Amino acid sequence: MNIIDGKKIADEIKSEIAKEVKEMLDNNTKAPHLAAIIVGDDPASQTYVANKEKACHEVGFISSVYKYPSTITEKELLDTIDFINNDDDIDGLIVQQPLPKHISVDKVIEKINYTKDVDGFHPINFGKMASNLPAFIAATPLGILELLKRAGVETEGKHCVVLGRSHIVGSPMSILLARNTNPGNCTVSLCHSKTKNLKEISAQADILIVAMGKLEYVKADMVKEGAVVIDVGLHRVPSNETKSGFRLKGDVKYDEVSKKCSYITPVPGGVGPMTITALLMNTLKAAKKEI
Ligand code: NAP
C-alpha cells in the first residue's frame with residue numbers, strides 16, 4: 001500500500017512556483033497578485049484566508065485581503081468585485097464562502113471576471129473545463145489531478161467512482177476524469193444521496209474519490225482490493241490526545257480501508273495541502289495570462 005503524501009507533493013509544487021516567481025522578478029515582471037474578499041467573522045473563513053495569505057507569501061506572490069462586515073450590501077460587494085476586476089495589478093480574485101444570506105453567491109461568482117476567477121467557480125470556467133478548453137479548474141479537483149499524476153497513478157480505462165456531486169468537488173472531478181486527458185480517460189460513476197446500491201457501486205471502483213462530508217462513511221466492505229482511494233472529507237473530531245483538543249479525520253475509515261488499497265491519501269496530509277497549492281497554480285496561470 002502506498003500513502004500519497006499530499007504535503008510532500010504540495011511542497012514540491014510550491015518550490016517550483018517560487019522558482020518561476022523569482023524568474024519573473026529577475027525579468028522585471030511583477031509577482032502574481034492574489035486578492036481575497038472576506039465578509040463577516042466566521043472563524044473557519046478567517047483561518048482559510050490567513051492560510052491562503054501565508055501560502056502566497058511562501059512562494060513570493062503579493063496577497064491582499066479585503067475585509068467587510070456582514071452588513072455589507074450585495075451592491076457594495078458587487079461594486080468591490082468590479083473595482084478589483086478593473087485593477088490590472090491584481091491577477092486573481094477569490095471571494096471566501098459562506099456569504100451572509102442576503103447576498104447571492106451566484107451573482108457574486110458571475111460578477112468576478114472569469115480571467116481572474118482562480119477558484120474556477122465561474123460558469124464560463126466550468127463550461128470551458130467541461131469542454132476541455134483552457135480554464136481555471138476548481139482548486140480541490142485540480143489538486144487531486146496533480147496528486148494522481150505525481151503519484152504515478154494510471155487512470156486510463158479505469159472505473160472511477162466519485163461519491164458526492166458538489167459543484168466544487170464531486171461534479172468537476174467526475175467531468176475531469178472522464179475527459180480524454182491524462183489523468184483522465186476513466187469510466188466514471190457519480191454517486192449522491194439518491195444513488196441506489198451505493199455500496200455495491202463503490203466496491204467496483206478502481207479509483208474511489210470520496211467527497212461526501214460524512215465522517216468515516218467509507219468502510220472496508222465498500223472498497224475493492226487494490227483500489228486507489230482519495231479521501232476529500234475533512235472533519236474536526238474532539239480528542240484529548242492532541243494539544244489543540246481535536247484531530248482531523250476524513251470520509252474514509254482509514255485504518256481498515258488502507259489495508260486493501262494500492263494507494264490512499266491520508267487525512268490530514270493528503271488532499272488538504274494540495275487545495276491551497278492548486279489555488280497558487282491557478283494564480284500563476286492568471287498572472288501569465290494563460291486562460
Ligand atoms: P457537500 O457540498 O456537502 O456535498 C456532499 C455530497 O455528498 C452531496 O452531493 C451529497 O449528495 C453527497 N452525500 C452526502 N451524504 C450522502 C450519503 N449518505 N450517501 C450518498 N451521498 C451522500 O460537500 P463538499 O463541499 O463536496 O465537501 C465534501 C467534504 O470534503 C467535506 O467534508 C468538506 O469539508 C471536504 N472538503 C475538503 C477540502 C480539502 O481541501 N481537503 C476541500 C473541499 C471540501 P446530494 O447532492 O444528493 O445531497
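Predicted, not measured: the structure shown is a model, and the values here were computed from it.
- Here L279 contributes atom CG and C56 contributes atom SG; the two are 7.0 Å apart, rounded to the nearest 0.5 Å.
- Other residues, nucleotides and ligands place no more than 12 heavy atoms under 6.0 Å from the NZ atom of K7.
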>> side chain to side chain contact (heavy atoms under 4.5 Å, CB included), that's the test. Do R150 and I4 meet it? Break it down for me.
In response: CA-CA 9 Å; R150 292 192 184 228; I4 301 180; over 6 Å; no
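- Linking ILVMFWY side-chain heavy atoms closer than 4.5 Å, directly or via other members, places L34 and V108 in two distinct hydrophobic clusters.
- No donor-acceptor pair closer than 3.5 Å links the side chain of D119 to the backbone N or O of F121.
- When atom types are taken as modelled, the side chain of S244 and the backbone of F246 share a donor-acceptor pair closer than 3.5 angstrom.
- Ring planes of F126 and H167: parallel class, angle under 30° (limits at 30 and 60°).
- Distance alone, capped at 3.5 Å, is enough to place a donor-acceptor pair between the K116 side chain and the I90 backbone.
- Checking side-chain atoms of E216 against main-chain N and O of V252 turns up no donor-acceptor pair under 3.5 Å.
- Under the 4.5 Å side-chain criterion, counting only non-hydrogen atoms from C-beta, V229 is not in contact with Y263.
- Formation of a donor-acceptor pair under 3.5 Å by the H122 side chain with backbone atoms of E110 is found in this model.
- A donor-acceptor pair is defined here as one N or O able to donate and one able to accept, closer than 3.5 Å; no such pair exists between the side chain of N185 and the backbone of E156.
- Considering only heavy atoms from C-beta on, I230 comes within 4.5 Å of L148 through its side chain.
- Of the N and O atoms on the side chains of S63 and H33, not one donor lies less than 3.5 Å from an acceptor on the other residue.
- With hydrogens and angles ignored, the 3.5 Å screen pairs a side-chain donor or acceptor of N86 with a backbone N or O of D82.
- Taking both residues in full, the closest heavy atoms of P183 and L145 are given as CG-O, 3.5 Å, listed atom of the first, atom of the second, then distance.
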>> Checking C191 against V161 for the side chain to side chain contact (heavy atoms under 4.5 Å, CB included) test, could you report, in this order, the C-alpha distance in whole Å, the side-chain angles of both residues, the deciding distance, and whether it holds?
In response: CA-CA 7 Å; C191 302; V161 175; 3.9 Å; yes
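- Contact annotation: the side chain of P32 never approaches that of I62 to less than 4.5 Å [non-hydrogen atoms, C-beta and beyond].
- Using a 4.0 Å cut-off between a side-chain N of Lys or Arg and a carboxylate O of Asp or Glu, K219 and E256 do not qualify as a salt bridge.
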> Where do T115 and N113 land on the side chain to side chain donor-acceptor pair (under 3.5 Å) test, with the steps shown first?
Replying inline: CA-CA 5 Å; T115 62; N113 183 324; 2.8 Å; yes
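- Residues V21 and G60 come closest through the heavy atom pair CG1-O, 3.6 Å.
- Residue V188 is not grouped with residue V223 when hydrophobic side chains (ILVMFWY) are merged at heavy-atom distances under 4.5 angstrom, including chains of intermediate members.
- A 6.0 Å sphere centred on OH of Y48 holds no more than 12 heavy atoms belonging to other residues, nucleotides or ligands.
- Atom CD1 of I3 sits about 7.0 Å away from atom OG of S258, to the nearest 0.5 Å.
- Put simply, I112 and L77 are part of the same group of oily side chains (I, L, V, M, F, W, Y) that touch within less than 4.5 Å, one to the next.
- The backbone N or O of A220 lies less than 3.5 Å from a partner atom in the side chain of K260, making a donor-acceptor pair.
- Contact detail for P141 and P172: the closest heavy-atom pair is CG-CG, 3.8 Å.
- Side-chain contacts under 4.5 Å among hydrophobic residues (ILVMFWY), followed directly or transitively, place V65 together with I38, V49.
- Between the S262 side chain and the G226 main chain, a donor and an acceptor come within less than 3.5 Å of each other.
- To the nearest 0.5 angstrom, I137 atom CD1 is 5.5 Å from L142 atom CG.
- A salt bridge between K67 and E53 is absent, with no side-chain N of the basic residue lying under 4.0 Å from a carboxylate O of the acidic one.
- Scanning for side chain to side chain donor-acceptor pair (under 3.5 Å) contacts around D26 gives K22, with sequence neighbours left out.
- Within the 4.5 Å cutoff, no side-chain heavy atoms of V237 are placed close to those of L248.
- Closest of all the heavy-atom pairs between K128 and A135 is CB-CB, 3.6 Å.
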> Run the salt bridge (Lys or Arg N to Asp or Glu O under 4.0 Å) check on K19 and E16 step by step: do they pass?
Replying inline: CA-CA 5 Å; K19 197 167 156 243; E16 289 163 17; over 6 Å; no
>> Let's go through I17 and E20 carefully: what are the C-alpha distance in whole Å and the side-chain angles of both, what is the deciding distance for side chain to side chain contact (heavy atoms under 4.5 Å, CB included) to 0.1 Å, and is it a yes or a no?
In response: CA-CA 5 Å; I17 295 175; E20 269 205 59; 5.6 Å; no
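- At least one side-chain heavy atom of I13 sits under 4.5 Å from a side-chain heavy atom of E146.
- Within the model, atoms CG of N282 and CG of D117 stand 8.5 Å from one another, a figure rounded to the nearest 0.5 Å.
- When side chains are defined from C-beta on, I81 counts as touching N85, because their heavy atoms get closer than 4.5 Å.
- Clustering ILVMFWY residues whenever any of their side-chain heavy atoms sit less than 4.5 angstrom apart, transitively, puts L284 in the very cluster that holds L93.
- Atom NE2 of residue H102 and atom OG1 of residue T71 lie 7.0 Å apart, to the nearest 0.5 angstrom.
- A salt bridge links K30 with D91: the closest approach of a Lys/Arg side-chain nitrogen to an acidic carboxylate oxygen falls below 4.0 angstrom.
- With contacts defined as side-chain heavy-atom distances shorter than 4.5 Å, the pair Q97/I109 qualifies.
- Counting heavy-atom neighbours within 6.0 Å of D88 CG, excluding the residue itself, gives a total of 12 or less.
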Pairs under 3.5 angstrom only: tabulate donor-acceptor contacts from the side chains of residues 196-215 to other protein residues two or more places apart or in another chain.
{"residue": "S202", "atom": "OG", "partner": "M222", "partner atom": "O", "Å": "2.6"}
{"residue": "D206", "atom": "OD1", "partner": "K224", "partner atom": "NZ", "Å": "2.7"}
{"residue": "D206", "atom": "OD2", "partner": "H159", "partner atom": "N", "Å": "2.7"}

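- In this structure, R247 and E241 have side chains that are in contact, with non-hydrogen atoms separated by less than 4.5 Å.
- Looking only at distances, no side-chain donor or acceptor of S45 sits under 3.5 Å from a matching main-chain atom of D41.
- Using a 4.5 Å cut-off between side-chain heavy atoms of Ile, Leu, Val, Met, Phe, Trp and Tyr, with links allowed through other members, L280 and L147 fall into the same hydrophobic cluster.
- Between Y254 and T265, the shortest heavy-atom contact is CE1-O, 4.2 Å.
- S104 and D106 share no donor-acceptor pair across their side chains, judged by distance under 3.5 Å alone.
- Rounding to the nearest 0.5 Å places CD1 of I276 at 8.5 Å from NZ of K54.
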>> Test side chain to side chain contact (heavy atoms under 4.5 Å, CB included) on D231 and V218; report intermediate values, then the result.
In response: CA-CA 9 Å; D231 186 357; V218 173; over 6 Å; no
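- Taking each heavy atom of A286 and F136 in turn, the nearest pair found is CB-CZ, 3.6 Å.
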